[in-house]
> 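Pasting in a structure now, in structure tokens, and then I'll have a few things to ask.
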Amino acid sequence: MPARLRFWRCFPASAASSSSASWPLATGRSFRLHSRLTTRRSIPRNIPQPHPHSCRQIRVPRVPQGTRAHPSPLSQHHPQPQPVALVPSIADMSESNTTSRPTRVRIAPSPTGDPHVGTAYIGLLNYVFAKQRGGQFILRIEDTDRTRFVSTSEQMIFDALKWVGLTWDEGPDVGGPFGPYRQSERTAIYREHVEILLANGTAYRSFETAEELEAMRQQQIAAKTPPRYNGAARHLSQEQIDAYLAEGRPYTVRLKVPLEGSTTFRDELRGDITFEHTNVDDQVLMKSDGFPTYHLANVVDDHLMGITDVIRAEEWISSTPKHILLYKAFGWEMPKFWHMPLLRNADKSKISKRKNPVSLNFYRDSGYLAPAVLNYLGLMGGGMPQLTEQEIVSRGINTKETDIFTLPEMLEKYDFARISLGGPVFDLVKLKWLNGEYLRKLSPEAFFSAMRETIFSDAYLQSIIPLVQARLETLGQIGDLADFLFRDNVMPPENVWLPKKRESAETLAFVGEQLTALEAATWDKDSIEGELKKLGEAKGWSVKENFMLLRAIVSGSATSPPLVESMVVFGKARTLDRMRRFLAFQKLPKRN
RNA sequence: GGCGAUAUGGUGUAACUGGUUAACACGUCGCCCUCUCAAGGCGAAGAGUUCGGGUUCGAGCCCCGAUAUCGCUACCA
């Protein structure tokens, strides 16, 4: 059994149950985990009994071993009927304060642009988690940031998730008993809850302007002290507050984090994690525009929607104490937290569009098959049991098949206890190999259908007709003119892309700016053209230079159908990817 | 800088409660097949498990200490 969790095993079992109740009690590393193993079940034989005097750090399995190759005594002695089989109910094994609520999980994407692979990744994990336990998978739209809101984004998220094959039981489009599922439609709810916090003294109003806060931040940075809100507004007198309110001064509401002590929570994959309160900021809960921040909205909604397990990316670990504090401030039952490792670029940084295609639209439009994408995502972070050597030999199966599995197989075998915590690099090379495997297994008929539904769909072909019809003398010439709309690797030679009167460095810099401009653009002819011309004017690039450069990058050639229309047809995700690939290629060290 | 998390070949993962030459897949290289390229078959190189101590007959798994990487450090999520 791989030991993935360390904890101090020096507390008698009886001490365990009380720890989670009080706050802010800095618990030792593992009261609760300990209790997980000792309550409601007999202690597994293979785990040493706690000894009152021994305080040795040992490793224990995070989760009962029922699905492992070697069934634990637990699962042997206590066969449990399960909805879909599998990970014998982590909930069952958990501490007794969890009143076996039905499993409900959620993903909460933010509609700020193209649907993200990370959303599909976390979505997949949540989906599998829920379905393995006969629970519900909920989709909630976190659109509380109106400055980053993109109106087309929500629909794209729906479409992308459906494309990969994930379906949700409740959501903005399908409804459900705990709606609305769009946070912008829940502002009244948040306001009510803020009042509760204000009333019970766990939050306070803060009247500083954004500028004042920024100035404070700069000062703190200059003084090399941690940039943090100084809590000044905590000390405002009631008269002062009333006066400010009377004059209609805008304010935010902040969480009143205890000045002393610490908060400990259990991450189901890592064990207990403790944060000193001196390191937890008085987080803004309600912005001056009346919208909540993620922290408030997420806690309120998770509670109201009956979420039992919060499965989200690792980047949230640092703010989890704030969420814990909020649950406690409201007096609510806590969900369990599972922080998944972050998908990474090749350089190990958090996956980002500049270094990796992250738009699900890109994968869909480029002809990746949804099951392959899902399969690949399932490979990230482990989770699927690997065949042992003996199994490979005895069953004589092709070893690469271990890496190939379907969603139903994941439901059957995926084991959250197996997840490895190192951030996995999202490797396009292996994804392509996997996709190729899927493609080859298709029947010719299915392959044909796949082609006709994507790269050669009627809709795609029809969108191309206006670009080529006037320019052809025979139908057979279409490939001469529009090959770049059907190709993956397009890379113009330097004599094609480099303008006569420009240096390569300034040109590449300009491409970078084109890219930035286009990333922000709505994907239609006028917007694209407008953005490009605006940029060209600002930077002193003629329309001709500007467009010819981009034409070279997008089409690989100096002649092509109308550029902007071609880009519209080709799609935002793929066009931008082509530009990024161009830049990446040019930055590669050249031979000679 | 502060706080937190993480650490097995280039990449993704294995390695049962510490037990023989650290396994599988992708990638790379070579050979075979073949009109070419893929696919397929066969084979090879590539890590001694971030580093340093310790415990032990024995450590990737346990302990201590470093280091590195990533994340957070917003009226973004």
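A note on names: the letters A, B, ... follow the listed sequences, proteins ahead of strands, and every chain is numbered from 1.
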> Let's go through Phe416(A) and Tyr414(A) carefully: what are the C-alpha distance in whole Å and the side-chain angles of both, what is the deciding distance for ring pair (Phe, Tyr, Trp, His ring centres under 6.0 Å) to 0.1 Å, and is it a yes or a no?
CA-CA 7 Å; Phe416(A) 280 76; Tyr414(A) 197 92; 5.1 Å; yes
> Report the distance from atom CG of Asn356(A) to atom P of rU11(B), rounded to the nearest whole Å.
14 Å
> Return the set of residues passing side chain to side chain contact (heavy atoms under 4.5 Å, CB included) with Ser443(A) (not counting sequence neighbours), or none when no residue passes.
Glu445(A), Ala446(A)
> Does a nitrogen or oxygen in the side chain of Arg148(A) sit under 4.0 Å from OP1 or OP2 of rA77(B)?
no
> Rounded to the nearest angstrom, tell me the gap between atom CZ in Arg266(A) and atom C1' in rA5(B).
17 Å
> Where do N or O atoms of nucleotides 45-52 of chain B meet protein N or O atoms at under 3.5 Å, pair by pair?
none

> When you check the gap from the basic side-chain N to the acidic O, do Arg580(A) and Asp577(A) get nearer than 4.0 Å?
no
> Measure CG/Asp282(A) against P/rC3(B) and give the value in whole Å, please.
19 Å
> Can you tell me how far C1' in rC61(B) sits from the matching atom in rU56(B), rounded to whole Å?
13 Å
> Between Asp267(A) and Arg270(A), is the closest basic N to carboxylate O distance under 4.0 Å?
yes
> Nearest-Å distance, CZ (Arg270(A)) to P (rG4(B))?
14 Å
> What distance, rounded to whole Å, do you find between the two C1' atoms, one in rU73(B) and one in rU55(B)?
39 Å
> Got a donor-acceptor contact below 3.5 angstrom from the Thr225(A) side chain to the Gln220(A) backbone?
yes
> Hey, what's the ring geometry for Tyr368(A) with Phe362(A), parallel, tilted or perpendicular (30° and 60° as the breaks)?
tilted
> Once salt bridge (Lys or Arg N to Asp or Glu O under 4.0 Å) is applied, do any residues pair with Arg140(A), and if so which ones, sequence neighbours excluded?
Glu142(A), Asp301(A), Asp302(A)
> What integer number of Å spans the P atoms of rC37(B) and rG30(B)?
12 Å
> Could you tell me whether Gly436(A) contacts a base, only the sugar-phosphate backbone, or nothing, with contacts defined as non-hydrogen atoms closer than 4.0 Å?
nothing
> Tell me: CG of Leu343(A) to P of rU11(B), nearest whole Å?
15 Å
> rC76(B) C1' sits how many Å from Glu214(A) CD, rounded?
14 Å
> Just the rounded figure in Å: distance from P of rA77(B) to CG of Leu285(A).
12 Å
> Among Leu161(A), Ile138(A), Asn126(A), whose side-chain contact (heavy atoms from CB on, under 4.5 Å) with Trp168(A) holds?
Leu161(A)
> How many Å lie between CG on Asp143(A) and P on rC75(B), as a whole number?
20 Å
> Scan residues 106-121 of chain A against RNA chain B and write down, sorted by residue number, each residue with any heavy atom closer than 4.0 Å; if none is found, say none.
Ser110(A)
> Using only atom types and a distance under 3.5 Å, with no angle test, would you say the side chain of Asp282(A) pairs donor to acceptor with the backbone of Val257(A)?
yes
> Just by distance, no angles: are the side chains of His116(A) and Ser359(A) close enough, under 3.5 Å, to form a donor-acceptor pair?
no
> Picking from rC3(B), rG4(B), rU13(B), which would you name as closest to the side chain of Pro424(A)?
rU13(B)
> Only counting residues at least two apart or in another chain, list the ones meeting salt bridge (Lys or Arg N to Asp or Glu O under 4.0 Å) with Glu154(A).
Arg182(A)
> Hey, does the side chain of Thr144(A) come within less than 4.0 Å of rA77(B)'s phosphate (OP1/OP2), counting only N and O?
yes
> Quote, to the nearest angstrom, the P distance that separates rA45(B) from rA23(B).
12 Å
> Verify the distance criterion only: is there a donor paired with an acceptor across the side chains of Thr320(A) and Arg312(A) at less than 3.5 Å?
yes
> Distance criterion of 3.5 Å, no angle test: do you see the side chain of Thr402(A) paired donor-to-acceptor with the base of rC24(B)?
no
> Between Tyr244(A) and Tyr251(A), is the ring pair (Phe, Tyr, Trp, His ring centres under 6.0 Å) condition met? List the steps.
CA-CA 9 Å; Tyr244(A) 283 150; Tyr251(A) 63 89; over 10 Å; no
> Assign rG48(B) to syn or anti; the rule is syn for a glycosidic angle within 90° of 0 and anti otherwise.
syn
> Using a 4.0 Å heavy-atom cut-off across all strands, classify Glu208(A) as base, sugar-phosphate, or nothing.
base
> Without swapping roles, check the side chain of Glu192(A) against the backbone of Ile189(A) for a donor-acceptor pair under 3.5 Å.
no
> Under 3.5 Å for both pairing distances: what stems, at least three Watson-Crick or G-U pairs long, include RNA chain B?
B:1-7 with B:67-73, B:10-13 with B:23-26, B:28-32 with B:40-44, B:50-54 with B:62-66
> What residues form a salt bridge (Lys or Arg N to Asp or Glu O under 4.0 Å) with Arg354(A), not counting sequence neighbours?
Glu519(A)
> With sequence neighbours excluded, what pairs up with Phe149(A) under the side chain to side chain contact (heavy atoms under 4.5 Å, CB included) test?
Pro111(A), Asp143(A), Ser151(A)
> Heavy atoms under 4.0 Å, any strand shown: does Leu213(A) hit a base, just sugar-phosphate, or nothing?
base
> Identify, with sequence neighbours excluded, every residue that meets side chain to side chain contact (heavy atoms under 4.5 Å, CB included) alongside Pro335(A).
Val310(A), Tyr327(A), Phe337(A)
> Using a heavy-atom cut-off of 4.0 Å across all strands, would you classify Glu437(A) as base, sugar-phosphate, or nothing?
sugar-phosphate
> At under 4.0 Å, does any side-chain N or O of Arg418(A) touch on OP1 or OP2 of rG12(B)?
no
> For Met380(A), report the nucleic acid contact type (base, sugar-phosphate, nothing); a contact means any heavy atom under 4.0 Å.
sugar-phosphate
> Considering residues at least two apart in sequence or located in another chain, which fulfil the salt bridge (Lys or Arg N to Asp or Glu O under 4.0 Å) criterion with Lys432(A)?
none
> If you only use heavy atoms from C-beta on, which nucleotide in rG27(B), rC76(B), rA5(B) is closest to the side chain of Lys287(A)?
rC76(B)
> Residues of residues 292-303 of chain A with any non-hydrogen atom less than 4.0 angstrom from an atom of RNA chain B: list those, numerically ordered, please.
Pro292(A), Thr293(A), Tyr294(A)
> Treating primed atoms plus P, OP1 and OP2 as sugar-phosphate and everything else as base, which nucleotides of nucleotides 67-73 of chain B get B, S or - for protein heavy atoms under 4.0 Å?
---SBSS
> Within the side chain of Asn375(A), is there an N or O that forms a donor-acceptor pair under 3.5 Å with the backbone of Pro371(A)?
no
> Mapping Asp403(A) and Asp427(A) onto RNA chain B by nearest heavy atom, which one lands closer to the 5' end?
Asp427(A)
> Rounding to the closest angstrom, what is the interatomic distance between rG71(B) and rC32(B) at atom C1'?
49 Å
